[in-house]
Amino acid sequence: MKLRVVLGDQLSLHLSSLRDVDAHQDRILMCEIRQETDYVEHHQKKIAFIFSAMRHFAESLRVEGLKVQYRKFDDPENSGSFIGEIKALMKAQSFSSVVITTPGEYRLWEEIKGWEQEIGIPVEIRSDDRFLCSIRDFRQWADGRKQLRMEHFYREMRRHHNILMDGNKPVGGKWNYDAENRKPADDSLKVPAPHKTEPDQITRDVLDLVDNEFSDHIGSLHPFHYAVDRQGALAVLDHFISHRLPHFGDHQDVMLEGEPWMYHSHISLYLNVGLLDPMECIRAAERAYYDGQAPLNAAEGFIRQILGWREYVRGIYWWQMPSYATENFLNASRELPPLFWGEATKMNCLSQVISETLENAYAHHIQRLMIVGNFALLAGLHPDGVNNWYLRVYADAFEWVEMPNVTGMILFADGGLLASKPYAAGGAYVSRMSNYCDNCAYKVSKKNGEGACPFNYLYWDFLIRNQDTLSDNPRLGMPYRNLARMDDDKIKMIKQDSNRFLKAMDNAEKI
Ligand code: FAD
Ligand code: DLZ
Ligand code: SF4
């Protein structure tokens, strides 16, 4: 009799640890535990989503005839840890071994490697094969390369999995249609309403639980409309393919006030807990293109995110951990200012994205990258604080995907392992890609002095501060040449404005 432990982001019937399950003998353990709810203080909606999805998944295992031991969070006997729950079960029953699929986070993997010694029976850790590139294959691809680039990895993945291929060539003749995916903001866009799932009794019970136990955690719990089972997640995917995918490419980078969902798919949380399978999402988009329901730039753009970026960041995480967690190439040292926790800010772009994040436990990619991320980079926020924030607030956040995006993509803290240059930008970018500047207390056209957009001077201050480490980056040649042409008075103004702003930020003043 084996004990099979299923974690909160392992909600897939084809999970490796369940593959040879003996329905008559084996037990499956799932538990809602303090160890996982509090290692960072997750957003209330994230906890509700995971608990409800876990409870629905346990039901579907029972429907398959499997025996599930499910520990609810408020059970008085709940020990609060995986090992405590395993030991409690071992007192009542005797198991020949424990079987588990590798977790998504390094900290838990380290812990699980010690279980065997602690409980005295074999613990088999199976690889997580719900990804399209194994950790071993990624390591082989990455080892020995001078430079990693997502684009090269992505092309190999397209070939290997035969996605949007015409023989040996990419369909349409180009691998990447990103250049066509940067249409600027347009107020007249009619964004479809997002798909909503109404909470059933299981979800309502979980919402009461989270209300009682986690009201001190960040974020709004209500309204709650996330899907919580496979059928619901498939409905979100279908809704995306029919209503949003056709416009996904053109408007991928656009941000509009009051439109948190835009033309994105909103499936990351379902993919990351296992309710959706990456290949089924890719094939659905590919089919939409072949059926004439979506243009190539949309289908390719969406597929690149899943087949390219998602697999690439996971590969980097497991290849580089544990040292990746302490990277700080630019020696950033500031603490997060109160605006990250919802305190008022005069910067409308940040105010919009952070309030939507706290409301929905969601923000789309460009909001995470070019608003919050760009600010964290330019203001020199310490990677620990920024990683902690991103891991807490987004319903889709697990360290394997969150950390490379934060440490590598937004903070350039890995010195350029993941991305070839920092994604730093001034206010002009925000003004082109959003309508946030229309309602801002700062003026985006003003470069310096009272009322100037802080991104304008912080951008140059960032380049000046990091000149020693960044000026030889070939992709920053142009801005550094422009900086070299600036006169001393201009540089003095940039420094004065930035020092004043950063000092006010450090003093927790409203900025
Ligand atoms: P869409 O825009 O519709 O994209 C489709 C899918 O592609 C997503 O569901 C996701 O699975 C995948 N994808 C897209 N971009 C990335 C990426 N850069 N890395 C990995 N997968 C990607 N994604 C997470 O799943 N969890 C995180 O914790 C997370 N943290 C992020 C932190 C920062 C600083 C940044 C810049 C990005 C982060 N992302 C994270 C990636 C991306 O922002 C989200 O996957 C996306 O916004 C989820 O919304 P969506 O499902 O509507 O995505
Ligand atoms: C994120 C999370 C939360 C909030 N709670 C639980 C839980 O109570 N039980 C559980 O098994 N998993 C939970 N998870 C997901 C785990 O944190 C996740 O499995 C690890 O971070 C590994 O990726
Ligand atoms: Fe953001 Fe600057 Fe635009 Fe204000 S003016 S919304 S701070 S980019």
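None of the values given here were measured: they were computed from a predicted structure. For this chain, numbers begin at 1 and follow the sequence in order. Note that ligands are numbered from 1 as they come in the structure, with each ligand's atoms numbered from 1 the same way.
Residue Ile267 touches ligand 1 through backbone and side chain together, judged by heavy-atom distances below 4.0 Å. Within the 4.0 Å heavy-atom criterion, neither part of Val372 lies near ligand 1. In Leu7, the parts holding a heavy atom less than 4.0 Å from any atom of ligand 2 are both the side chain and the backbone. Residue-level proximity to ligand 1 for Ala363 is carried by the backbone, the only part with a heavy atom below 4.0 angstrom. Counting heavy atoms under 4.0 Å from ligand 1, residue Phe248 touches it through the side chain alone.
When only non-hydrogen protein atoms are considered, atom 50 (P) of ligand 1 lies nearest to His266 N, 3.6 Å. The nearest protein atom to atom 8 (C) of ligand 1, hydrogens excluded, is given as Ser268 CB, 4.0 Å; this is a heavy-atom distance. Shortest contact from atom 25 (O) of ligand 1 to any protein heavy atom: Asn272 ND2, 2.8 Å. Among all non-hydrogen protein atoms, the one lying nearest atom 23 (O) of ligand 2 is Asp9 OD2, 2.6 Å. Protein heavy atom in closest approach to atom 12 (C) of ligand 1: Gln305 O, 3.6 Å. Among all non-hydrogen protein atoms, the one lying nearest atom 2 (C) of ligand 2 is Ile50 CD1, 3.8 Å. If you check which protein heavy atom lies closest to atom 13 (C) of ligand 2, you get Glu36 CB, 3.6 Å. Scanning all protein heavy atoms for the shortest distance to atom 49 (O) of ligand 1 gives Tyr362 CE1, 3.2 Å. Among all non-hydrogen protein atoms, the one lying nearest atom 32 (C) of ligand 1 is Asn405 CB, 3.5 Å. For atom 8 (O) of ligand 2, the closest non-hydrogen atom on the protein side is Ile33 N, 2.8 Å. Of the protein's non-hydrogen atoms, the one nearest atom 46 (C) of ligand 1 is Arg368 NH2, 4.2 Å. Scanning all protein heavy atoms for the shortest distance to atom 23 (N) of ligand 1 gives Val401 CG2, 3.6 Å.
By the side-chain hydrogen bond (donor to acceptor under 3.5 Å, both in side chains) test, Arg130 pairs with Ser12, Asp128, sequence neighbours left out.
Looking at every heavy atom in both residues, Tyr390 comes nearest to Ala397 through O-CB, 3.4 Å. Minimum heavy-atom separation, Met255 to Tyr436: CB-OH, 3.6 Å. Of all heavy-atom pairs between Leu15 and Gln10, the closest is CD2-O, 3.5 Å. When every heavy atom of Ile47 is checked against every heavy atom of His217, the shortest pair comes out as CD1-ND1, 3.7 Å. Across Ser265 and Phe240, no two heavy atoms sit closer than the pair CA-CD1, 3.3 Å.
At least one N or O atom of Gly8 sits closer than 3.5 Å to an N or O atom of ligand 2. Residue Asp396 has at least one N or O atom closer than 3.5 Å to an N or O atom of ligand 1. The shortest N or O to N or O distance between His365 and ligand 1 is under 3.5 Å. For His42, no nitrogen or oxygen atom sits less than 3.5 Å from a nitrogen or oxygen atom of ligand 2, counting backbone and side chain alike. At under 3.5 Å, not a single nitrogen or oxygen of Pro103, backbone or side chain, sits near a nitrogen or oxygen of ligand 2. Ligand 2 has a nitrogen or oxygen under 3.5 angstrom from a nitrogen or oxygen of Cys31. For the pair Ser265 and ligand 1, the shortest N or O to N or O distance falls below 3.5 Å. Of the N or O atoms in Val6, none lie within a sub-3.5 Å distance of an N or O in ligand 2.
Between Tyr263 and Phe248, the gap from one ring centroid to the other reaches at least 6.0 Å.
Heavy-atom contacts of Met409 reach the following atoms of ligand 1: 18 (N) (cutoff under 4.0 Å). Remark: ligand 1 atoms within the under-4.0 Å shell around heavy atoms of His364 are 47 (O). Contact atoms of ligand 1 toward Tyr390: 32 (C), 33 (C), 34 (C) (distance under 4.0 Å to a heavy atom of the residue). For ligand 1, the atoms lying closer than 4.0 Å to a non-hydrogen atom of Phe302 are 5 (C). Taking every heavy atom of Arg310 and a limit of under 4.0 angstrom, the matching atoms of ligand 1 come to 11 (O), 20 (C), 21 (N). In summary, the atoms of ligand 1 found under 4.0 Å from a heavy atom of Leu271, numbered by their order in the structure, are 11 (O). Heavy-atom proximity to Leu369, at under 4.0 Å, picks out these atoms of ligand 1: 36 (C).
Taking the charged nitrogens against the carboxylate oxygens, Asp75 and Lys72 have no contact shorter than 4.0 Å, which rules out a salt bridge. Arg107 and Glu36 are joined by a salt bridge, as a carboxylate oxygen and a charged side-chain nitrogen come within less than 4.0 angstrom of each other. The residues Arg314 and Glu402 are annotated as not salt-bridged, no charged nitrogen and carboxylate oxygen being separated by less than 4.0 angstrom.
Within the 4.0 Å heavy-atom cutoff, Trp400 does not count among the residues contacting ligand 2. Using a non-hydrogen distance threshold of 4.0 Å, Phe73 does not register as a contact of ligand 2. At least one heavy atom of Arg107 sits under 4.0 Å from some atom of ligand 2. Under the 4.0 angstrom criterion for non-hydrogen atoms, Tyr394 is not in contact with ligand 1. Using a non-hydrogen distance threshold of 4.0 Å, Met54 registers as a contact of ligand 2.
Sequence neighbours left out, the pairs with a member in residues 343-378 that pass ring-ring contact (aromatic ring centres under 6.0 Å, His included) are Trp261-Tyr362, His264-His364, His266-Tyr362. Within the structure, the salt bridge (Lys or Arg N to Asp or Glu O under 4.0 Å) test picks out the following pairs touching residues 40-61 (sequence neighbours left out): Glu32-Arg55, Glu41-Arg392, Glu59-Arg62.
Checking Glu85 against Gln69 by side-chain atom types alone, no donor-acceptor pair falls below 3.5 Å. No donor-acceptor contact under 3.5 angstrom links the side chains of Ser351 and Thr345, judged on distance only. Side chains of Asn448 and Asp497: a donor on one and an acceptor on the other come within 3.5 Å. Using a 3.5 Å distance cut-off with no hydrogens or angles, the side chains of Asp414 and Tyr324 do pair a donor with an acceptor. Side-chain contact of Thr101 with Ser16: a donor-acceptor pair under 3.5 Å is present, judged by distance alone. Residues Glu300 and Tyr289 bring no donor and acceptor atom of their side chains to less than 3.5 Å of each other.
Judged by the 6.0 Å and 45° rule, Lys113 forms no cation-pi pair with Trp115. Because its NZ or CZ atom is both nearer than 6.0 Å to the ring centre of Tyr394 and within 45° of the ring axis, Arg368 counts as a cation-pi partner of that residue.
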Open item on the list: Run the ring-ring contact (aromatic ring centres under 6.0 Å, His included) test on Trp109 and Trp318 for me, step by step, so that the C-alpha distance in whole Å, both residues' side-chain angles and the decisive distance to 0.1 Å come before the verdict.
Closed with: CA-CA 11 Å; Trp109 186 56; Trp318 285 106; 5.6 Å; yes
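Near-neighbour remark for atom 2 (Fe) of ligand 3: protein N, O or S atoms under 2.8 Å are Cys453 SG; waters not counted.
No donor-acceptor pair closer than 3.5 Å links the side chain of Arg27 to the backbone N or O of Leu3.
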